[in-house]
There are 4 protein chains.
Amino acid sequence: MGTARGPQTTGSDERNAARLSARRAQILDAATSVFARLGYHGSRMDDIVQASGLSKGAIYWYFKSKEEIAVELVRQLLHDEEQSLAGEPAAGGDAGARLSAMADDFSRSLRENPSRAPLALELLSLGQRIPAIKKHFTDYHETYVALLSDLLRAASGGAASTQQIRAGALALAAMVDGWALHEALITTPSGHRDGLGEAVGILVAGLRSQV
Amino acid sequence: MGTARGPQTTGSDERNAARLSARRAQILDAATSVFARLGYHGSRMDDIVQASGLSKGAIYWYFKSKEEIAVELVRQLLHDEEQSLAGEPAAGGDAGARLSAMADDFSRSLRENPSRAPLALELLSLGQRIPAIKKHFTDYHETYVALLSDLLRAASGGAASTQQIRAGALALAAMVDGWALHEALITTPSGHRDGLGEAVGILVAGLRSQV
Amino acid sequence: MGTARGPQTTGSDERNAARLSARRAQILDAATSVFARLGYHGSRMDDIVQASGLSKGAIYWYFKSKEEIAVELVRQLLHDEEQSLAGEPAAGGDAGARLSAMADDFSRSLRENPSRAPLALELLSLGQRIPAIKKHFTDYHETYVALLSDLLRAASGGAASTQQIRAGALALAAMVDGWALHEALITTPSGHRDGLGEAVGILVAGLRSQV
Amino acid sequence: MGTARGPQTTGSDERNAARLSARRAQILDAATSVFARLGYHGSRMDDIVQASGLSKGAIYWYFKSKEEIAVELVRQLLHDEEQSLAGEPAAGGDAGARLSAMADDFSRSLRENPSRAPLALELLSLGQRIPAIKKHFTDYHETYVALLSDLLRAASGGAASTQQIRAGALALAAMVDGWALHEALITTPSGHRDGLGEAVGILVAGLRSQV
DNA sequence: GATGAATGAGAGTTCATTCAT
DNA sequence: TATGAATGAACTCTCATTCAT
């Protein structure tokens, strides 16, 4: 009688599961481009409907609200980010060089995907009102800072104190997010590309020089 | 003369000018606290009405739209910020120490005024859809980076190249804004207060150590 | 497909088309009575909502604005009017008698539908600010004058010049609309019903008597 | 103590009376042009304020509401009209010719003062919701029809019945107002100027030809 | 008398969400 | 499952009117 209120896992063979995640991905893709273009508050559900090629009802079948779409979007973006972070330390080699490389990678990805920074800023500011989003960012931040700490410790060659390592890691994390923020918001004719890796190098050198 | 829309500048003696700016300040103060608490999109004009103690009509007498309030708010905040920046270089002394001091000041002000970072993040993200706001941030950024460059040049004792100086200044600016962003968004039980000044010191040391 | 705004024409079988025009008719009927009663500017969307038995959202699903409702109302009223005009000349017989009959019909319809003249006046005056409405009236007027010219030519038995025919047709059209206007606006205790047909007869006689 | 609620006649010497009517005229002039341009509902009190060169308070000192301005405007326009009508019959001569002349005068005045017809239509439609305006139009109409009846009686040379005279007069009045209405609303490339006088001539001829 | 800042009820419109089919 | 028509609370902004000065 009653119609269930979301995607059914009951009696779900693999077909169902596949469709389910395909649909959700379809919706999240649409939301990604729409949010990046119009911002969360500037986007109407109808925009997502149109961009996804699905119907309004379908959207609400797979997500219970606009907010839930944003939350899931953040979860997925940060999950992917953590995945690629997880691959990082596996690669051996000079820690300082790896930090610089990570910075350059990040810098390049901002340039290659121009909607990334704007979207991130949009979602970041959403975090202030949506606890689930805030939690995801906080969790990711923790992981990220831990990784940076490890790399900084290795890169500083034992010259820096634990407190300095922590300060450096927090500063690096802030620098990276701040860089993205400026990328999204500041229009510079000259452009400030490619300086991030260099800055990381300088900071590492500073840590190393501590007596 | 005719009363068209908004406060009259015609025949304005000092009384009028005083009332005008008092009213605008009253409204901007209200908007500041409301935006900080609820966010721009979460704030209704009625919230500002209530917080200001004025009537709806009065708000629209002094500002033509909600957006204009936000723009003026940003303009004023950044104007004040530039003013206090302008006082900085006047003080002589060690440039490196001054940079650290600025960082600590900033860090402390975030702590003492807990709504500052959230409000900033909110307004920052507005900049993506409101060109006038974006322009204000861009202009401020330019000034800020120029100041940081001067200080870094002095602090590095000639050891760093122009390019390194620039990268460092951009990195510092990013670090500061990113720090505020994390302050607004990341809930850490331990807290990461007071690390900013230290991080700046490390970065300066790094610049100095460049051969 | 996407649900953007307004009823879908995509995949519309007859059911859909039927519902669509039923709903629009429902809204236009409501608007007709509300506009007649309160005038366009005196009517609130909520009045139409209430009169239609639909919700506010439904109204805006079928019409994008209050103005569009008025435009469509005019379009439909004049379309119907043209339809009944089109039937006129088909009937043979004495042209003069037919003109008088048309006048009497018009006169009677004003009496039988007391809200017709007030509504017409309301919409007429809207035409001054809404170009689409003005266009509809202009087009209708052209058709109407052409028909009157044909009838007058036939009725005058060749006695009148082309210029006189045209002047007479314009005068007749003006007389008819002016009659409605007075019906809507002038409160005469005696009433001036039934004089229109007679007046038309006099004018025709005048045309015939031209040497 | 208490401030009176309108222009004072107390202690009024002629100076006061003169100022009073000058001010009211100033306001009515402004309202005339503003209403003609924007329509009654499209005009804001601020528009009248601006056009009059007075202050908002002054407007409300001389008129108690926007509606009262419209009412007084109609009263004055129709009063002037009646005045010039009153001069008409004084001039002797052929009644038919005089009717045609009146029509031509009217036609010319519409052409020379292009805002007249639009303004009239606007005020006419206001009459439907503002009883005082309706009353003014009704009274004027009565006077006008009486005059037309007199002229038609004289012009018809006794050939027409009282009923025919009355129908003719009502028809003429309708024709004239309808003509103005079309002037305001219908955009014809060819233009239909100068046909009104001719049409009146035809109608008179028709009355004369009645046996 | 005159000014224009201030009021606040209410207008048209939007849009996240629901639900009959 | 899927659709898109329907809902209605809530929004920003307007503007006739008032009143302290």
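This structure is a prediction, so every number in the text was calculated from the model and none was measured.
If you measure from atom CG of C:D46 to atom P of E:dT14, you get 15 Å, rounded to the nearest angstrom. Note: NE2 (D:H41) to P (E:dG12) measures 12 Å, nearest angstrom. Residue D:D47 contributes atom CG, which lies 13 Å from atom P of F:dT14 at whole-angstrom precision. Atom-to-atom, OH of C:Y60 to C1' of F:dC11 comes out at 13 Å; the value is rounded to the nearest Å. To the nearest angstrom, P of E:dG1 lies 15 Å from CD1 of D:I59. For B:F63 and E:dA6, the CZ to P distance is 12 Å, given to the nearest whole Å. One interatomic measurement links the two molecules: CD1 of A:I48 to P of E:dC15, which rounds to 13 Å at whole-angstrom precision. The CG atom of C:N16 sits 14 Å away from the C1' atom of F:dA6 (whole-angstrom rounding).
Between B:S43 and A:R19, the residue anchored nearer the 5' end of DNA chain F, judged by the nucleotide with its closest heavy atom, is A:R19. Comparing C:G57 and B:A58, the nucleotide of DNA chain E nearest to each residue sits closer to the 5' end for B:A58. Each of B:M45 and C:S55 lies near DNA chain F, and the nucleotide nearest C:S55 is the one positioned closer to the 5' end. Judged by closest nucleotide on DNA chain E, B:L54 is the one of C:S65 and B:L54 placed further toward the 5' end.
B:W61 has a side-chain polar atom (N or O) that falls below the 4.0 Å cut-off from OP1 or OP2 of E:dA5. For F:dA2, the OP1/OP2 oxygens have a side-chain nitrogen or oxygen of A:R23 closer than 4.0 Å. For E:dA6, the OP1/OP2 oxygens have a side-chain nitrogen or oxygen of B:Y62 closer than 4.0 Å. The phosphate of F:dA16 (OP1 or OP2) has no side-chain N or O of D:R44 nearer than 4.0 angstrom.
Put simply, the side chain of A:Q128 never gets that close to the backbone of B:G39: no donor and acceptor are under 3.5 Å apart. A donor-acceptor contact shorter than 3.5 Å is absent between the side chain of C:R75 and the backbone of C:H136.
The base of E:dT13 sits within donor-acceptor range of the side chain of C:K56, with an N or O pair under 3.5 Å.
F:dT18: Watson-Crick or G-U partner is E:dA5, with both key distances under 3.5 Å.
Crowding of B:E68 atom CD: a count of heavy atoms from other residues, nucleotides or ligands under 6.0 Å exceeding 12.
Between D:I69 and D:M45 the shortest side-chain heavy-atom distance falls below 4.5 Å.
The pair D:E67-D:R129 does not count as a salt bridge, with every side-chain nitrogen at least 4.0 angstrom from each carboxylate oxygen.
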